[in-house]
Participant: 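One structure coming up, written as C-alpha cells, with questions to follow.
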Amino acid sequence: CFLYGCDYGFQSETWGVSFPPGSPACDDQIEAGLIQPLADGTLPPSLPVFPAQLLSSAAGFVLFGILLWAWFKRPRREGAVFLTFGLGYGLVRAGLEQLRSDMGRGELFGLSTSTTIGLVSAAICVAALTVPQLRALRPEAGEVLPPPTDEPQDPDPKNVPDGEAPKKAQQPKKKGK
C-alpha cells in the first residue's frame, strides 16, 4: 500500500509523505479540490499525508512478537494464540483506521467498516478468552514440539517410548531375476 499510495493517513507537514500523480492519495486530493492541475496541464504530487501504511506494518511486527511470546507461554488453552491475534489485530486496526483519510472505505454503525469489524472481532475474542463458560470449552494446550531433526532415529528398543514399536531401517530393494 505504501508504494502504491493507498490507505494513506491524514494531511501532515511534519510526518507527511507526498505521493506521485496517479496514486490514490493524489487522485483523492484532486477529487476533493485540495490540489489543482498545474498551468501546463500536468498534475502535482499529493499534499503530504501521514504514512499510515508504515505504522500498520510496524504494528504487525509488534503483534507478531506478542503472538510468539504467547505461543511459548505455558500453560495456555487451545486457541489462545489465535484469539490473542484476533484481539490485537482488531484493536490495532480500529486504532489505525482513525488515522486514515482515504476515501471510499464504507461506513457501518457510524464508523468505518474496518473499525466496526475490528472492534466486534476484538470483543468476541475478549469474551472467548475471559468468560469462564467459553474458556472451559477450550482444553489445555499440549507442549510445544521441538522442530524435526535430520538425525536418524535410534532403533534401540530401550530408547523408544513405551507403547511405540521401534522404527526399522529401510532395506534397499534387491533387483530380482
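Reckoned from all heavy atoms, side chains included, excluding hydrogens, waters and symmetry mates.
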Participant: Should the ring pair F50 and F10 be called parallel, tilted or perpendicular, given that the plane angle runs from 0 to 90° and is split at 30 and 60?
Facilitator: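 Judged by the thresholds at 30° and 60°, the geometry between F50 and F10 is parallel.
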Participant: Rounded at 0.5 Å granularity, tell me how far CD1 in I117 sits from CG in L111.
Facilitator: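 So the gap between those two atoms works out to 11.5 Å.
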Participant: Hey, are the side chains of L83 and V126 touching, using non-hydrogen atoms and a 4.5 Å cut-off?
Facilitator: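 No, every pair of side-chain atoms sits at 4.5 Å or beyond.
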Participant: Same cluster for L63 and F72 if Ile/Leu/Val/Met/Phe/Trp/Tyr side chains link at under 4.5 Å?
Facilitator: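 Same hydrophobic cluster.
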Participant: For A127 and L134, which heavy atoms make the closest approach, and how far apart are they?
Facilitator: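 Looking at all heavy atoms of both residues, the shortest contact is O-CD1, 3.6 Å.
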Participant: Applying a strict under-4.5 Å side-chain criterion to I, L, V, M, F, W and Y, I'd like to know whether L87 and V120 cluster together.
Facilitator: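 No, L87 does not connect to V120 through the hydrophobic network.
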Participant: Minimum heavy-atom separation for P45 and C26, please, with both atom names.
Facilitator: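 Residues P45 and C26, closest heavy atoms: C-SG, 4.2 Å.
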Participant: I'd like to check F19 versus F2 (side-chain heavy atoms, cut-off strictly below 4.5 Å). Are they in contact?
Facilitator: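 F19 vs F2: side chains touch.
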Participant: Considering the options C6, C1, S46, which one meets the side chain to side chain contact (heavy atoms under 4.5 Å, CB included) requirement together with P24?
Facilitator: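 Running side chain to side chain contact (heavy atoms under 4.5 Å, CB included) over C6, C1, S46 with P24 returns exactly one hit, C6.
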Participant: When you measure from the side chain of T42 to the backbone of L38, do you find a donor-acceptor pair of N or O atoms at a distance under 3.5 Å?
Facilitator: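 Flag not set: sc T42 to bb L38 has no pair under 3.5 Å.
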Participant: So do the side chains of S18 and P48 get within less than 4.5 Å of each other, counting heavy atoms only?
Facilitator: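 In short, these two side chains touch, coming nearer than 4.5 Å.
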Participant: Mind checking whether L54 and L3 sit in one hydrophobic cluster, side chains of I, L, V, M, F, W, Y counted as touching below 4.5 Å?
Facilitator: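 Yes, L54 connects to L3 through the hydrophobic network.
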Participant: Can you tell me how the ring of F85 sits relative to the ring of Y89, calling it parallel under 30°, perpendicular over 60° and tilted otherwise?
Facilitator: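 The arrangement is parallel - the two ring planes meet at less than 30°.
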Participant: Could you tell me the separation between the CG atom of D7 and the CG atom of L99, rounded to the nearest 0.5 Å?
Facilitator: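 With rounding to 0.5 Å, CG (D7) is 12.5 Å from CG (L99).
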Participant: Whether the side chain of R77 engages the backbone of R138 through a donor-acceptor N/O pair (distance < 3.5 Å, no angle test) should be reported.
Facilitator: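 Looks like yes, one N/O pair under 3.5 Å.
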Participant: Testing the basics here: between V49 and G9, what is the closest heavy-atom pair and its distance to 0.1 Å?
Facilitator: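 Scanning both residues, the minimum pair turns out to be CB-O, 3.6 Å.
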Participant: Which atoms form the tightest heavy-atom contact between V81 and L67, and what is the distance?
Facilitator: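 Closest approach of V81 to L67: O-CD2, 3.5 Å.
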Participant: Answer with yes or no whether the side chains of T116 and T113 bring together a donor and an acceptor at under 3.5 Å.
Facilitator: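 Judged by distance alone, the side chains do not pair up.
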Participant: Which atoms form the tightest heavy-atom contact between A52 and Y8, and what is the distance?
Facilitator: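 Reported closest heavy-atom pair: CB-C, 4.3 Å.
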Participant: Is Q98 close to T115 at the side-chain level, that is, under 4.5 Å between some pair of heavy atoms?
Facilitator: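 Result yes, sub-4.5 Å side-chain heavy-atom pair found.
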Participant: Could you tell me the separation between the CD1 atom of I124 and the CG atom of L119, rounded to the nearest 0.5 Å?
Facilitator: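 With rounding to 0.5 Å, CD1 (I124) is 11.5 Å from CG (L119).
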Participant: When you group the ILVMFWY residues by side-chain heavy-atom contacts below 4.5 Å and let the links chain together, are V131 and L129 in the same group?
Facilitator: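 Shared cluster, no.
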Participant: Between Q29 and L47, is there a donor-acceptor pair closer than 3.5 Å when you use the side chain of the first and the backbone of the second?
Facilitator: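 Between the backbone of L47 and the side chain of Q29 there is a qualifying donor-acceptor contact (under 3.5 Å).
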Participant: Looking at every heavy atom in both P37 and P44, which two are closest together, and how far apart are they?
Facilitator: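 Heavy-atom minimum between the residues: CA-CD, 4.2 Å.
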